[in-house]
Amino acid sequence: MGNVVLVTGVARQLGGRFVRRIQRDPDVDRVIGVDAVTPEHPLGGAEFLKADIRHPAIARVLAETGVDTVVHMDVNGTPLGSRGSRASVKETNVIGTMQLLGACQKAPNVQRVVIKSSTSVYGSAPRDPAVFTENTPPKSLPSGGFAKDTVEVEGYVRGFARRRPDVAVCVLRFANVIGPCADSPLAEYFSLPVLPTVLGYDPRLQFVHEDDAIDVLRIAAAAPRRGTLNSGTFNIAGDGVLLLSQVSRRLGRPTLPLFLPTVTWAGTALRSLGITDFSPEQIRMLTHGRVVETTQMRETLGFHPRYTTAETFEEFARSRGPGLLPPESLARTVDRLAGVLSARRGPSQ
C-alpha cells in the first residue's frame, strides 16, 4: 500500500498544482484535497472533500480516510479571490492549524506532517541581520498580519512535535513564491503600473519559483532520501537577491518614491479600492527587505532549486507583459542618471 496524503488549501493555485503533481509519485496511493471552498481548477484523480479545517470535523476526515501524510498548505496572507476577509484568513491560519494539528495528534496513522510556512516569521526591521538562518531570532516579533499568523502557526507546530515525537514534522519557510500563476499580494504589487516605494530605501528581496515550491513540498512529503533529513525547519529561497530598483527596471515599471507616512496612506487607499493588499507588513518588507540563508535546504534537506531569484523574477516579469517603459530603456536611463550623480560628487567623495 502506498501513502495516503491529505492536502489542505487545494482551492488555491499552488495547492491545486501540488495535488496534481504528487498523484504521479509512485509511492503515493491516494490523495485527498481539503478546502472550505470548491476549487475552480481540476485536481486530477484526487478526491476532494469540502471541509473547513477550523472545525473539529477535520478529525473525522483523518480518522475515516486513514491518512498517513498531511501537507498543510492553507496558511495564507489574503482571502481567496474576493471571498472572505482578513479576519477569516487569520482564523483559518491560526485556529485552522490548531484544529488540524489536534486532529493529527489523535490520528495514530499519521506519520508525517508538512507545514507551508513563510520567512515572514523573521519580520522586517531596521536592525535585522543581513541574513537570517533558521535559528536566528527576529529583532522584533511581527505585531500583526500574516507574519504574526506564521509565528503563531509555528508555535502550534512545535507543541505538536513535542506531543507526537513519533511523527516526522517538516516546516518549510518559503521566501516570496512567484511565477506565471502567482496570485500573492506581492505579485499584485509588482503588477501595478507604477510601484510606490519608500524614499531612501532599496530593499533586498528573494524569490522562490512556484515550480521549485512544488518540488520541495514533494521532497518534504516523502520518505527521506539517502543522506538527507526532511524533518525540521528549512528556509526555502532561490540563489541570489534582487534589489527593488532592479525589480522595477526588469518589469519596465517606474517607481514612485514616497515618504513612509505617504506610502502607508497609499497602501490603505489601494486596499480600500481592492487593487492590492498593500499591508503594513508588506510595506515593512519593501522598506527593510529580508534575506535568508539556505545552507540547510541544500545540505540537510537535499533540495537544490532549479531557478535562482533572478531567473524566477525574469519568468514572472515575462508573464506580466511589458510595463509603461521598456526595461532596456529604463535601465539605460537609470544608469545614465547614476553616472551623472557620481560625476557631480567627484572622485574624492
Side-chain angles (χ1 to χ4, degrees), residues 1-76 80 89 91-118 150 153-154 156-161 163-172 174 213-224 230-231:
M1 291 291 291
N3 292 340
V4 179
V5 182
L6 181 139
V7 184
T8 67
V10 298
R12 294 180 184 261
Q13 287 293 334
L14 193 65
R17 284 195 58 191
F18 176 70
V19 164
R20 292 192 295 272
R21 177 61 188 87
I22 199 172
Q23 291 173 66
R24 303 203 299 268
D25 286 4
D27 295 332
V28 174
D29 185 60
R30 184 183 178 192
V31 179
I32 302 161
V34 171
D35 208 306
V37 177
T38 303
E40 296 180 356
H41 44 254
L43 297 180
E47 305 169 42
F48 173 70
L49 295 177
K50 189 171 183 179
D52 192 331
I53 62 171
R54 294 175 294 180
H55 300 152
I58 190 64
R60 187 171 67 251
V61 172
L62 265 65
E64 293 176 352
T65 55
V67 167
D68 54 58
T69 302
V70 174
V71 181
H72 182 31
M73 299 184 64
D74 207 356
V75 181
N76 300 284
L80 180 61
V89 170
E91 284 184 7
T92 300
N93 290 343
V94 179
I95 305 302
T97 298
M98 182 177 66
Q99 291 284 6
L100 179 66
L101 293 175
C104 291
Q105 183 178 336
K106 299 173 184 175
N109 288 336
V110 172
Q111 301 172 9
R112 177 169 296 277
V113 173
V114 180
I115 306 293
K116 181 181 78 70
S117 187
S118 167
T150 55
V153 163
E154 289 199 10
Y156 287 127
V157 173
R158 287 191 294 272
F160 168 78
R163 292 188 295 271
R164 284 289 304 269
D166 58 309
V167 175
V169 178
C170 184
V171 177
L172 301 177
F174 286 97
I214 299 299
D215 287 343
V216 73
L217 283 162
R218 286 179 54 230
I219 290 174
N230 59 357
S231 300

Problem set entry | Heavy-atom donor-acceptor pair, N3 side chain to V5 backbone, under 3.5 Å | no

Exercise. Is D68 reaching over with its side chain to a backbone N or O of Q111, donor-acceptor style, under 3.5 angstrom?
Worked result: no

Exercise. Which residues pass the salt bridge (charged side-chain N to carboxylate O under 4.0 Å, His left out) test with R54, sequence neighbours left out?
Worked result: D52, E91

Exercise. Do S231 side-chain atoms and A168 backbone N/O form a donor-acceptor pair below 3.5 Å?
Worked result: no

Problem set entry | Set of side chain to side chain contact (heavy atoms under 4.5 Å, CB included) partners for K50, sequence neighbours left out | T38, F48

Problem set entry | Pairing residues for R21 by the side-chain hydrogen bond (donor to acceptor under 3.5 Å, both in side chains) criterion, not counting sequence neighbours | D25

Seminar exercise, completed: Rounded to the nearest 0.5 Å, the OH atom of Y156 sits from the CD1 atom of I95 at a distance of 5.5 Å

Problem set entry | Matching residue for T92 among T97, I53, N76, T8 - test: side chain to side chain contact (heavy atoms under 4.5 Å, CB included) | I53

For this session: Report the residues that fulfil side chain to side chain contact (heavy atoms under 4.5 Å, CB included) with A213, sequence neighbours left out, ordered by chain and then residue number.
Result: L14, F174, V177, V208

Problem set entry | Distance-minimising heavy-atom pair for A220 and V114 | O-CG2, 3.4 Å

Exercise. Between OG1 of T69 and CG of D27, what distance do you get to the nearest 0.5 Å?
Worked result: 10.0 Å

Problem set entry | Listed partners of R163 passing salt bridge (charged side-chain N to carboxylate O under 4.0 Å, His left out), at least two apart | none

For this session: Please check if the side chain of H55 supplies one atom and the backbone of Q99 the other of a donor-acceptor pair under 3.5 Å.
Result: no

For this session: Go through L43 and H41 one step at a time and tell me if the side-chain contact (heavy atoms from CB on, under 4.5 Å) criterion holds.
Result: CA-CA 7 Å; L43 297 180; H41 44 254; 4.0 Å; yes

Exercise. Say you draw a straight line from NZ of K116 to CG of L217; how long is it, rounded to the nearest 0.5 Å?
Worked result: 8.5 Å

For this session: Return the minimal non-hydrogen interatomic distance between A161 and V169, and the atom names on each side.
Result: CB-CG2, 4.2 Å

Seminar exercise, completed: The side-chain hydrogen bond (donor to acceptor under 3.5 Å, both in side chains) partners of Q23 (sequence neighbours excluded) come to none

Exercise. Which heavy-atom pair separates A46 from V19 by the least distance, and what is that distance?
Worked result: CB-CG1, 3.4 Å

Problem set entry | salt bridge (Lys or Arg N to Asp or Glu O under 4.0 Å) pairs, two or more places apart, involving residues 106-115 | none

Seminar exercise, completed: In short, A11 meets D35 closest at the heavy-atom pair N-OD2, 2.9 Å

Exercise. What residues form a salt bridge (charged side-chain N to carboxylate O under 4.0 Å, His left out) with R17, not counting sequence neighbours?
Worked result: E210, D211

Exercise. Okay, side chain of R164, backbone of V110: is any donor-acceptor separation there less than 3.5 Å?
Worked result: yes

Exercise. Excluding sequence neighbours, so at least two apart, what forms side-chain hydrogen bond (donor to acceptor under 3.5 Å, both in side chains) with N109?
Worked result: none

Exercise. Ignoring hydrogens and geometry, is there a side-chain-to-backbone donor-acceptor pair from N230 to A222 under 3.5 Å?
Worked result: yes

For this session: Give the C-alpha distance, both sets of side-chain angles, the deciding distance and a yes or no for side-chain contact (heavy atoms from CB on, under 4.5 Å) between T65 and E47.
Result: CA-CA 11 Å; T65 55; E47 305 169 42; 5.7 Å; no

Problem set entry | Any residue meeting side chain to side chain contact (heavy atoms under 4.5 Å, CB included) with A103, in chain and number order, not counting sequence neighbours | I58, A59, L62

Problem set entry | By side chain to side chain contact (heavy atoms under 4.5 Å, CB included) - contacts of E154 (at least two apart) | S117, V121, R158, V171, R173

Seminar exercise, completed: side-chain hydrogen bond (donor to acceptor under 3.5 Å, both in side chains) filter on T150, not counting sequence neighbours, yields none

Exercise. At their closest point, which heavy atom of F18 faces which heavy atom of R218, and how far apart are they?
Worked result: CE1-N, 3.7 Å

